[in-house]
Protein chains: 2
Amino acid sequence: MSSSLFLKISEKLFFKFGYRRVTIKDICEGASLSKMTFYRYFKNKEEVAKIVLKNIIDESNKKFESIMESDNLFINKIENLILLNESLIDRIGSDFLNDIISLKANIFKSLIDKQSIYEERKIEEYFKKAQKAGELNKKTPISFFIYMLKDIQEKLQDEKLKRLYSNEKDLMKDLTNYYFFGIAPKNKEM
Amino acid sequence: MSSSLFLKISEKLFFKFGYRRVTIKDICEGASLSKMTFYRYFKNKEEVAKIVLKNIIDESNKKFESIMESDNLFINKIENLILLNESLIDRIGSDFLNDIISLKANIFKSLIDKQSIYEERKIEEYFKKAQKAGELNKKTPISFFIYMLKDIQEKLQDEKLKRLYSNEKDLMKDLTNYYFFGIAPKNKEM
DNA sequence: TAATATTGTTACTATATTTGTAATATTTAA
DNA sequence: TTAAATATTACAAATATAGTAACAATATTA
């Protein structure tokens with residue numbers, strides 16, 4: 001099917017070069033198909049980008065749910081969550097997101113905002129569950145855990161911290177341990 | 001100095017996105033300077049790209065010479081040469097070179113061709129020296145060694161081969177050993 | 001400090017690229 | 001073989017980019 005080929009190529013180009021640097025011509029040449037064929041399936045570049053974005057959001061939500069619904073320890077879920085986030089950033093690259101967010105038409109912005117809100121709600125939901133199950137301190141407000149989780153994720157990008165480790169995965173392990181054993185109600189085995 | 005900032009930003013953008021996807025506007029915004037200031041220092045984008053290309057060529061030639069003039073064993077020189085080549089490809093990326101080679105105006109092409117010829121001559125020169133010093137089989141024509149060196153460098157990009165190794169450096173070591181002990185006049189110590 | 005050189009900005013036109021479409025051709029499948 | 005689906009070419013309209021003129025600010029030096 002031509003339309004899925006267009007999507008595949010578009011995604012590849014968008015993630016590599018960002019949105020504005022990729023033209024419809026580039027996408028068509030990448031797919032070895034004509035422009036008119038492109039317009040048979042899509043209204044314009046914006047529509048393709050919206051689908052690409054939607055796909056990646058759906059995909060990441062599925063992964064998110066499957067991590068949180070697994071029967072791992074809570075600490076492992078958090079670790080997998082951070083890993084998921086990292087690999088997403090790696091794959092999408094910053095240019096695509098920066099480009100579409102800074103467009104006048106804020107169709108993308110609203111999509112992303114919607115996703116952020118959805119994700120935050122889901123995280124809150126799962127943290128509440130964990131709190132009920134005694135996996136988190138019951139007296140601390142959930143919003144604190146979430147605030148600190150974001151803080152930890154930012155620290156994973158911190159150049160100074162990265163330089164302390166030869167391996168980024170080790171930094172992640174230490175950060176997750178730091179995060180979890182600071183919020184755990186009692187000490188469990190490593 | 002503004003001009004070196006322009007060059008620095010240009011290089012960064014060219015290596016990341018290629019030549020055609022980068023506009024003078026991008027370069028100016030990256031350097032936080034106006035377009036007119038750009039035109040004070042450079043005639044156009046082509047000129048900047050030429051300088052960027054020239055700089056990288058000069059730099060790589062210096063490194064090449066310093067490797068070949070070092071007093072390492074010949075096998076280590078070859079290994080360093082392959083390493084140098086690989087890190088260059090990594091840094092420049094394929095988009096920049098592809099873009100400027102496929103331009104109508106073949107100013108870039110001639111620069112690159114010139115460099116290839118220069119490099120080939122230099123390699124020939126150093127291989128002849130090594131042959132004289134008994135580090136290479138005297139009966140084999142130099143062109144054979146060079147042909148095989150290129151073959152080895154291509155194999156380093158071979159996806160099938162890469163898949164056999166978890167670490168790319170290990171593949172390189174094996175390939176270099178393979179190359180060298182195939183052409184050595186007698187077995188030396190590992 | 002006044003004159004001059006240097007570096008920078010804004011605002012604009014010319015040019016080039018990209019978009020999106022109409023008219024037309026080719027392929028597929030019943 | 002004919003109709004429907006799919007693709008191509010060639011082009012006008014919209015948009016983005018390149019390059020410049022006229023002017024402003026800042027630094028240099030006599």
Side-chain angles (χ1 to χ4, degrees), chain A residues 1-54 94-109, chain B residues 1-54 95-109 111:
Chain A
M1 196 70 174
S2 296
S3 73
S4 67
L5 177 61
F6 277 125
L7 281 174
K8 204 182 117 192
I9 302 289
S10 301
E11 186 184 285
K12 196 181 108 188
L13 291 172
F14 285 152
F15 290 176
K16 183 165 183 196
F17 298 114
Y19 179 74
R20 72 194 170 88
R21 281 179 223 269
V22 174
T23 67
I24 291 173
K25 203 180 158 204
D26 288 331
I27 295 168
C28 295
E29 279 172 7
S32 306
L33 291 167
S34 79
K35 223 184 340 160
M36 206 55 230
T37 309
F38 174 90
Y39 283 107
R40 175 147 291 110
Y41 295 107
F42 307 100
K43 208 174 132 240
N44 48 32
K45 195 171 79 168
E46 197 177 283
E47 194 187 62
V48 189
K50 249 189 278 180
I51 297 173
V52 166
L53 184 61
K54 190 75 173 42
S94 51
D95 295 303
F96 181 56
L97 289 178
N98 284 343
D99 280 2
I100 62 178
I101 285 170
S102 59
L103 282 177
K104 299 118 210 158
N106 55 1
I107 307 150
F108 292 103
K109 200 176 173 332
Chain B
M1 195 69 175
S2 296
S3 74
S4 66
L5 177 60
F6 277 125
L7 282 174
K8 203 182 117 193
I9 302 288
S10 301
E11 187 184 286
K12 196 181 109 188
L13 291 173
F14 284 152
F15 290 176
K16 183 164 182 196
F17 299 114
Y19 178 74
R20 72 194 170 88
R21 280 180 223 270
V22 174
T23 67
I24 292 174
K25 204 182 159 205
D26 288 331
I27 296 168
C28 295
E29 279 172 7
S32 304
L33 291 167
S34 79
K35 220 171 358 146
M36 204 57 229
T37 309
F38 175 91
Y39 283 107
R40 177 148 290 111
Y41 295 106
F42 308 99
K43 207 174 134 241
N44 47 33
K45 195 171 80 168
E46 198 178 281
E47 195 186 62
V48 189
K50 248 190 280 180
I51 297 173
V52 166
L53 184 61
K54 190 76 173 41
D95 295 304
F96 180 57
L97 289 177
N98 284 344
D99 279 3
I100 62 178
I101 284 170
S102 59
L103 282 178
K104 299 117 212 163
N106 55 0
I107 307 150
F108 292 103
K109 200 177 173 332
L111 238 172

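As the structure is a prediction and not an experimental result, all values here were calculated from the model. Each chain gets a letter, A, B and so on, in the order its sequence line appears, and its residues count up from 1.
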Nearest heavy atoms of A:F17 and B:K16, plus distance in Å: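 Looking at all heavy atoms of both residues, the closest pair is CE2-O, 4.2 Å.
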Atom-to-atom span, CG of B:L13 to P of D:dT17 - whole angstrom: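 Roughly 13 Å, once rounded to whole Å.
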Spacing between A:Y39 atom OH and D:dC11 atom C1', to the nearest angstrom: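 Those two atoms, OH and C1', are 14 Å apart.
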Salt bridge (Lys or Arg N to Asp or Glu O under 4.0 Å) contacts in which one or both residues fall within residues 17-32 of chain A, not counting sequence neighbours: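 Only A:R20-A:D99, A:R20-B:D26, A:R21-B:D26, A:D26-B:R20, A:D26-B:R21 qualify under salt bridge (Lys or Arg N to Asp or Glu O under 4.0 Å).
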Side chains of A:I24 and A:Y39 in contact at under 4.5 Å (non-hydrogen atoms):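 In contact.
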Partners passing side-chain hydrogen bond (donor to acceptor under 3.5 Å, both in side chains) against A:K12 (at least two apart in sequence or in another chain):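 In terms of side-chain hydrogen bond (donor to acceptor under 3.5 Å, both in side chains), with neighbours along the sequence ignored, A:K12 is linked to no residue.
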DNA chain C contacts made by residues 17-24 of chain A, counting heavy atoms under 4.0 Å: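 Per residue number, the list reads A:T23, A:I24.
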Contact summary for B:F96 and B:A49, nearest pair of heavy atoms: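 For B:F96 and B:A49, the tightest heavy-atom pair comes out as CZ-O, 4.2 Å.
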Residues touching DNA chain C, which here means a heavy atom under 4.0 Å, drawn from residues 25-38 of chain B: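 DNA chain C contact set from residues 25-38 of chain B: B:S34, B:M36, B:T37.
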Axis deviation across the helix from C:dT1-D:dA30 to C:dA30-D:dT1, five-pair ends, to the nearest 10°: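 Angle reported: 30°, given to the nearest ten degrees.
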Below 4.0 Å: OP1/OP2 of C:dG8 and any side-chain N or O of B:Y41: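 Yes, within the criterion.
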Contact check, side chains of A:F42 and A:I51, non-hydrogen atoms, under 4.5 Å: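 When only atoms from C-beta onward are counted, A:I51 and A:F42 do touch, with a gap below 4.5 Å.
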Student check: side-chain heavy atoms of B:L103 and B:Y19 closer than 4.5 Å: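 Touching, per the 4.5 Å side-chain cut-off.
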Least distance between heavy atoms, B:V48 atom then B:S10 atom: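 Looking at all heavy atoms of both residues, the closest pair is CG1-OG, 3.3 Å.
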Minimum side-chain heavy-atom gap B:F6-B:R40 below 4.5 Å: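 Not in contact.
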By side chain to side chain contact (heavy atoms under 4.5 Å, CB included) - contacts of B:N44 (at least two apart):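 Per chain and number, B:N44 pairs via side chain to side chain contact (heavy atoms under 4.5 Å, CB included) with B:E46, B:E47.
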side-chain contact (heavy atoms from CB on, under 4.5 Å) between A:V52 and A:F15, intermediate numbers included: CA-CA 10 Å; A:V52 166; A:F15 290 176; 4.0 Å; yes
Protein-nucleotide distance (B:K45, atom NZ; C:dT17, atom C1'), rounded to Å: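 Atom-to-atom, B:K45 to C:dT17, this comes out as 11 Å.
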D:dA5 base / A:R40 side chain donor-acceptor hit below 3.5 Å: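 No.
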